[in-house]
Amino acid sequence: MGKGIQSVRGFSDVLPAESPLWQRAETVIRDTLESYAYREIRLPVVERTELFKRSIGEVTDIVEKEMYTFEDRNGDSLTLRPEGTAGCVRAGVEHGFLNRGEPRLWYMGPMFRHERPQRGRLRQFHQVGAEAFGVAAPELDVEMIAMTARMLGRLGLADDVRLEINSLGTPEARAVHRERLVAYLREHIDSLDDDSRRRLETNPLRIFDSKDAGVQAVMEGAPRLLDALDEESAAHFATVRNLLDRLGIEYTVNPALVRGLDYYTRTVFEWITDRLGAQGTVCAGGRFDGLVGQLGGRPTPAIGFALGLERLVALLAERAGSGEFDGAPHAYMVVGADPGEALRLAEALRDRLPGLRLEVHPGSAGFKGQLKRADRSGAAVALILGEEEVAAGRVAVKSLRGEGGQRAVARDDLPEVLAALLVETRRAD
RNA sequence: GUGAGCGUAGCUCAGUGGUAGAGCCCCGGAUUGUGGCUCCGGUGGUCGUGGGUUCGAUCCCCAUCGCUCACCCCA
């Protein structure tokens with residue numbers, strides 16, 4: 001325990017016991033994205049530091065104190081990506097594909113933020129993100145929300161999450177509102193706690209969800225961003241709400257919902273759970289109509305979301321039933337005097353049945369020990385290939401679950417028997 | 001970055017100022033080529049690390065590292 005080299009704080013392993021859940025999440029997400037015509041893009045984990053400063057915002061927590069930044073050997077400042085959108089937009093501008101059609105992209109991979117680890121928060125964590133470019137219509141916002149709803153639904157998490165939405169309007173409207181809000185708050189500065197005073201400088205909108213009762217009272221009378229929206233943004237938001245209603249997607253409007261990154265505009269949304277402690281946001285996204293232009297591309301409207309895989313998997317783990325796929329082999333081959341023959345047979349079986357998970361006992365040993373291993377492997381059956389069986393051209397198929405019956409099967413019939421077994425266990429996969 | 005709680009076997013945890021235990025796991029055995037159940041036996045810990053107090057520290061004190069949760073922030 002206290003020995004040897006340990007993993008770096010906040011960088012954790014996904015052990016074999018948990019990886020099936022990850023695989024299931026990834027598969028469902030990928031399939032869903034593809035069913036909405038999103039295509040995968042694979043992006044580097046390292047980008048120039050400047051990219052994140054310009055996109056996420058200089059004064060955000062992420063840029064100010066959470067980035068893994070280092071100097072390359074040639075003196076360039078590089079950063080382990082703290083999120084995926086910036087790199088995605090950078091790639092789009094660099095390769096000039098953002099304005100050819102309306103690209104829909106997704107990516108999956110590790111992100112890095114130097115924060116204090118806690119439940120649902122690691123320094124290396126994994127996100128699935130998707131971005132759609134070139135479409136300003138609110139229909140796209142709603143389709144994206146519907147897509148995330150579908151993912152969560154397919155994973156059986158519909159009852160564990162709720163949707164909150166808000167509109168941040170245009171940067172201009174937001175700036176005007178911000179000034180008004182700050183002016184208002186300065187009048188009531190005496191009623192603000194330290195936390196809120198600090199936010200006054202950094203992100204005054206955040207003060208809306210202060211937990212302090214006195215602050216709450218002040219905020220009752222504060223100017224609301226939603227009331228200050230420009231006409232177009234207001235109409236856009238109204239359409240989003242209307243369409244969500246028509247799709248039967250439930251949501252609540254949360255005027256205090258603010259995305260942490262500077263580049264968001266108009267629609268923002270967040271899927272929240274109460275089952276994961278303090279870090280309840282599982283999936284969040286919104287429009288960023290200004291970012292592409294900011295990063296040197298032709299001004300292009302865009303929308304995206306990011307989903308935290310650790311948090312999603314944590315929810316799945318809570319929900320996981322007994323029939324969960326655990327990666328155990330279907331069959332375990334017990335080997336007698338001729339290990340070479342066992343290997344040959346095993347290869348032949350894998351040729352015939354690509355879906356078969358077959359573990360062959362390495363070398364040969366006593367049947368007792370091998371059967372014990374077979375049992376512990378979690379396999380449904382043991383395939384016993386001893387001297388008697390080899391001589392007779394058969395394989396003993398012994399059930400390791402339930403009664404434990406055993407029967408001799410002719411070699412030629414074995415693929416068929418195992419195929420039936422696969423069908424039987426497919427449910428659990 | 002701030003605060004709180006916790007670090008004893010692979011895991012879950014007892015424990016006492018006098019150089020450590022249980023359950024589970026793992027390994028072996030209960031006669032010949034048959035797992036699970038039962039019984040018997042066994043491996044395994046410099047009690048997170050470094051200092052201090054003490055005749056003596058796993059236990060008390062300090063520091064440090066790590067874990068966990070919360071704040072902040074966010075996926």
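Sequence lines set the chain letters: A, B, ... in the order given, protein chains first and strands last, and positions in each chain run from 1.
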Distance test, side-chain N/O of A:Arg206 to OP1/OP2 of B:C74, below 4.0 Å | yes

If we call it a pair only when both distances are under 3.5 Å in a Watson-Crick or G-U wobble match, what pairs with B:G66?
-> B:C6

Residue met sooner reading RNA chain B from 5', once A:His126 and A:Arg116 are mapped to nucleotides = A:Arg116

Would you indicate, yes or no, if B:C73 has its OP1 or OP2 atom less than 4.0 angstrom from a side-chain nitrogen or oxygen of A:Arg199?
-> yes

Which part of the nucleic acid does A:Gly277 contact within heavy-atom distance under 4.0 Å: base, sugar-phosphate only, or nothing?
-> sugar-phosphate

May I ask you to say what A:Glu387 touches in the nucleic acid, namely base, sugar-phosphate or nothing, with a heavy-atom cut-off under 4.0 Å?
-> base

Using the P atom on both, measure B:C69 against B:C55 and round to a whole Å.
-> 43 Å

Counting Watson-Crick and G-U wobble pairs only, both distances under 3.5 Å, name the nucleotide matched with B:U34, or none.
-> none

Ionic contact status for A:Glu341 with A:Arg344, cut-off 4.0 Å = yes

Which comes earlier along RNA chain B counting from the 5' end, the contact point of A:Val8 or that of A:Gly120, where each point is its nearest nucleotide?
-> A:Val8

Touch check for A:Glu388, heavy atoms < 4.0 angstrom, all strands: base, sugar-phosphate only, or nothing?
-> base

With respect to the phosphate group of B:G1, does any side-chain polar atom (N or O) of A:Lys65 fall under 4.0 Å of OP1 or OP2?
-> no

Please determine if a side-chain N or O atom of A:Gln118 lies less than 4.0 Å away from the OP1 or OP2 oxygen of B:A70.
-> yes

Any donor-acceptor N/O pair, A:Arg401 side chain to A:Ala379 backbone, under 3.5 Å = yes

Does the pair A:Glu143/A:Arg104 count as a salt bridge with the N-to-O cut at 4.0 Å?
-> yes

Base, sugar-phosphate, or nothing: which does A:Arg376 touch, judged by heavy atoms less than 4.0 Å apart?
-> sugar-phosphate

Is the phosphate of B:A75, meaning OP1 or OP2, less than 4.0 Å from a side-chain N or O of A:Arg121?
-> no

Would you say A:Asn166's side chain and A:Pro255's backbone share a donor-acceptor pair under 3.5 angstrom?
-> yes

Looking across every strand, which nucleic acid part, if any, lies under 4.0 Å from A:Arg119 by heavy atom: base, sugar-phosphate, or nothing?
-> sugar-phosphate

